[in-house]
Amino acid sequence: MEKLREQLLKGKAVVSKRFMEIYLPMRQFFYNLIHPEYSAVTDVYVLMFLADTVDFIIIVFGFWAFGKHSAADITSSLSEDQVPGPFLVMVLIQFGTMVVDRALYLRKSVTGKVIFQVLLVFGIHFWMFFILPGVTDKRFQENTVAQMWYFVKCLYFGLSAYQIRCGYPTRVLGNFLTKSHNYVNLFLFQGFRLVPFLTELRAVMDWVWTDTSLSLSSWICVEDIYAHIFILKCWRESEKRYPQPRGQKKKKVVKYGMGGMIIVLLICIVWFPLLFMSLVKSVAGAVNPPLDVSFEITLAGFQPIFTMSAQQKQLQIVTADEYKTLLSNYDSDDALQWLEGYLAEDLIIADLKGNSNSLWTISPPSRSNLIDMLGTEEEFPITVSWFVQRYTSLTLSIHQVCMYVTMVLEDIFPCFIRAPSDSDAKSMLDITLTLERDSDVKDQVQEWWIVNQTKQGPLKNKEIKTGLELYVFSDKVSPPSLGFLAGYGIMGLYASVVLVIGKFVREFFSETGELDLEEDMYAKLIFLYRSPETMIKWTREKTQ
């Protein structure tokens with residue numbers, strides 16, 4: 001037992017010695033890293049933020065590469081008001097790391113940055129090389145989008161390591177866009193402030209993680225004053241760089257360059273909805289032919305006497321030469337203007353058979369009532385309905401005619417119809433109704449109606465056959481990529497684009513609504529006019 005105890009003690013001593021040999025150098029390494037003897041303080045937070053932003057964009061537009069189904073498209077999912085769970089998790093984690101990085105930067109915590117860096121390095125590499133290949137069924141070498149994301153993240157790791165090695169600067173407040181006063185910084189800063197909630201989020205984070213005695217409202221007020229001062233300094237610097245002699249009119253380059261650009265921009269905003277809705281369907285529109293064309297005739301309030309549908313082979317495609325022949329058959333300006341709005345690929349001829357799909361079943365009392373109604377001199381309503389079904393739309397039109405019923409119904413059959421923008425019908429034709437009867441069945445009488453048009457269609461040069469020919473002109477639909485915008489319509493685009501942008505433009509050129517400040521500025525102006533010495537003192541050029 002004594003020998004065994006001695007062996008255990010020796011083993012314990014060896015393990016402790018090996019542990020200390022590994023632990024002490026690592027501890028000294030991290031201590032020297034966090035507390036360097038000499039530190040060349042630097043600030044690369046902006047570059048780290050840009051790297052995270054690029055990774056964020058890659059996740060948004062390349063999410064399909066991080067899922068199991070490579071055909072998934074986040075834009076189509078969002079257009080259907082669906083947000084994939086993995087996409088939401090990835091975006092929130094990426095955004096959360098950016099917030100944590102900002103907090104460590106504001107607190108100037110090198111220790112926290114080291115811990116955060118180690119966790120990110122191990123977590124991202126474990127996810128990238130072990131979890132992601134199992135989810136996507138792709139090796140890392142085969143996933144180009146993941147390689148791009150990993151490359152940018154490696155740049156971030158390098159910048160973070162350099163920031164840890166050099167240490168955080170003492171003063172970390174301020175916007176990097178305000179370091180220089182020129183037009184580029186001015187416009188970039190203005191664009192930064194236009195992003196919704198970005199300025200407010202940055203100000204609140206700065207207030208939370210910065211030691212200050214100011215309240216949140218006072219902090220935001222200081223940020224707003226700082227922004228206005230920066231904008232004014234940019235304009236003053238531009239006036240110094242490009243001085244304008246007193247009493248000299250503006251050059252044409254300035255007037256037509258800046259003023260002309262603003263005029264073109266405002267005109268484009270005003271006419272954007274009309275131009276977009278005109279081009280999105282005529283130029284970039286996709287052909288959407290009908291899948292089913294149905295026709296129905298109803299006598300008064302009774303059951304339909306005729307129903308017929310055309311599908312697949314019964315929907316005939318028109319060639320370019322046949323469409324030219326169709327245009328040549330019409331001399332009317334109204335007809336040509338209506339037909340020239342379409343192309344041959346937009347026209348489908350529905351070949352509707354003359355025999356009804358269903359038997360005419362009517363009860364004896366209703367039959368007697370119908371005969372009595374037809375025997376009078378009163379007007380008898382006949383309803384003609386057509387249904388055009390396409391991939392994403394259904395057009396239903398009802399055409400009602402009041403007339404004396406004879407064997408021929410005049411101007412009741414719509415030869416040309418539009419689908420699905422409206423229910424217009426052109427070139428109404430005559431049709432004939434014939435009631436057929438089959439009494440071969442024992443103790444049963446079967447009846448059905450036959451409908452024929454009285455003359456041939458404009459593209460048929462052969463004898464008239466039984467049935468109807470319906471010319472369906474399909475309006476083009478917007479492509480799927482622009483469907484989310486075209487779905488608002490012209491009035492929707494004007495309400496959401498023109499009026500909203502116009503509101504901001506109007507506020508830019510009008511007063512800000514600060515009435516108290518207006519009164520103070522007016523009183524200060526009067527005081528300056530009454531005290532020329534003060535005006536000279538405040539407005540003269542400052543010298544060294």
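Keep in mind it's a predicted model, so treat the numbers as computed, not measured. Along the sequence shown, residues are numbered consecutively beginning with 1.
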In the structure I gave you, are the side-chain heavy atoms of Phe66 and Asn143 within less than 4.5 Å of one another anywhere?
no
Is there a donor-acceptor contact under 3.5 Å from the side chain of Gln311 to the main chain of Leu315?
no
Non-hydrogen atoms of Val145 and Ala65 that approach each other most closely
CB-CB, 3.4 Å
Nearest heavy-atom neighbours spanning Ile348 and Pro290:
CG1-CD, 3.8 Å
Atom CD1 of Ile317 with >12 non-hydrogen neighbours under 6.0 angstrom:
no
Is it true that atom OH of Tyr256 has more than 12 heavy atoms of other residues, nucleotides or ligands lying nearer than 6.0 Å?
no
Taking atom CE of Met148 as the centre, does the number of heavy atoms from other residues, nucleotides or ligands within less than 6.0 Å exceed 12?
no
Distance, nearest 0.5 Å, that separates CD of Glu200 from CZ of Phe197:
7.0 Å
So Ile231 and Gln190, do their side chains get closer than 4.5 Å, heavy atoms only?
yes
Hey, does the Lys NZ or Arg CZ of Lys153 hover above the aromatic six-ring of Tyr156, less than 6.0 Å from the centre and inside 45° of the axis?
yes
Approximate separation, where rounding is to 0.5 Å, of Thr53 OG1 and Met98 CE:
4.0 Å
Regarding Thr212 and Thr210, is there a side-chain donor-to-acceptor distance under 3.5 Å anywhere?
no
Given Leu188, which of Val184, Asn185, Leu186 fulfils the side chain to side chain contact (heavy atoms under 4.5 Å, CB included) condition?
Val184
Pair Asp211, Arg107 - check side-chain contact (heavy atoms from CB on, under 4.5 Å), show working.
CA-CA 9 Å; Asp211 296 333; Arg107 296 301 301 175; 3.1 Å; yes
Between Ser531 and Thr534, the two heavy atoms sitting closest are OG-OG1, 2.7 Å
Which class fits the ring pair His125 and Phe157: parallel under 30°, tilted 30 to 60°, perpendicular over 60°?
parallel
Would the distance check show the side chain of Trp209 and the main-chain N or O of Arg102 forming a donor-acceptor pair, the cut-off being under 3.5 Å?
no
For Phe49, is the CZ atom crowded, meaning more than 12 foreign heavy atoms sit under 6.0 Å from it?
no
Compare every heavy atom of Asn175 with every heavy atom of Phe189, then report the nearest pair and how far apart it is.
CE1-ND2, 3.9 Å
Working to the nearest 0.5 angstrom, can you tell me the gap between Glu142 CD and Gln147 CD?
9.5 Å
Closest non-hydrogen atoms of Tyr168 and Ser109, given as atom of the first, atom of the second and distance, are CE1-O, 3.7 Å
Parallel, tilted or perpendicular, judged at 30° and 60°: which one describes the rings of Phe129 and Phe140?
tilted
Inspect the surroundings of CZ in Arg193 and state if more than 12 heavy atoms from other residues, nucleotides or ligands are less than 6.0 Å away.
yes
Close side-chain approach of Ile57 and Gln94, heavy atoms under 4.5 Å
no
Starting from the C-alpha separation in whole Å, work towards a yes-or-no answer on side-chain contact (heavy atoms from CB on, under 4.5 Å) for Tyr183 and Trp235.
CA-CA 8 Å; Tyr183 281 125; Trp235 289 118; 3.6 Å; yes
Testing the 3.5 Å rule here: is there a donor-acceptor pair between the side chains of Tyr105 and Asp43?
yes
Is there a side-chain contact between Ile93 and Val89 (heavy atoms, below 4.5 Å)?
yes
If you draw a 6.0 Å radius around CD in Glu533, do more than 12 non-hydrogen atoms from other residues or ligands fall strictly inside?
no
From CG (Leu47) to CG (Asp52), nearest 0.5 Å:
11.5 Å
Leu50 side chain near Val54 side chain, heavy-atom distance below 4.5 Å:
no
Kindly determine whether Asp101 and Thr97 satisfy side-chain contact (heavy atoms from CB on, under 4.5 Å), including the steps that lead there.
CA-CA 6 Å; Asp101 210 6; Thr97 57; over 6 Å; no
So which atom in His181 and which in Arg241 form the shortest heavy-atom distance, rounded to 0.1 Å?
O-NH2, 3.6 Å
Are Ile124 and Trp149 close enough that some pair of their side-chain heavy atoms sits under 4.5 Å apart?
yes
Is the closest side-chain heavy-atom distance between Gln163 and Leu159 below 4.5 Å?
no
To the nearest 0.5 Å, how far apart are CD1 in Ile263 and CE in Met258?
10.5 Å
Separation of Ile262 CD1 from Ile267 CD1 (nearest 0.5 Å):
12.0 Å
Return yes when atom OH of Tyr226 has more than 12 non-hydrogen atoms of other residues, nucleotides or ligands closer than 6.0 Å, and no otherwise.
yes
Taking the side chain as every heavy atom from C-beta outward, state whether Arg236 and Lys233 have any atom pair closer than 4.5 Å.
no
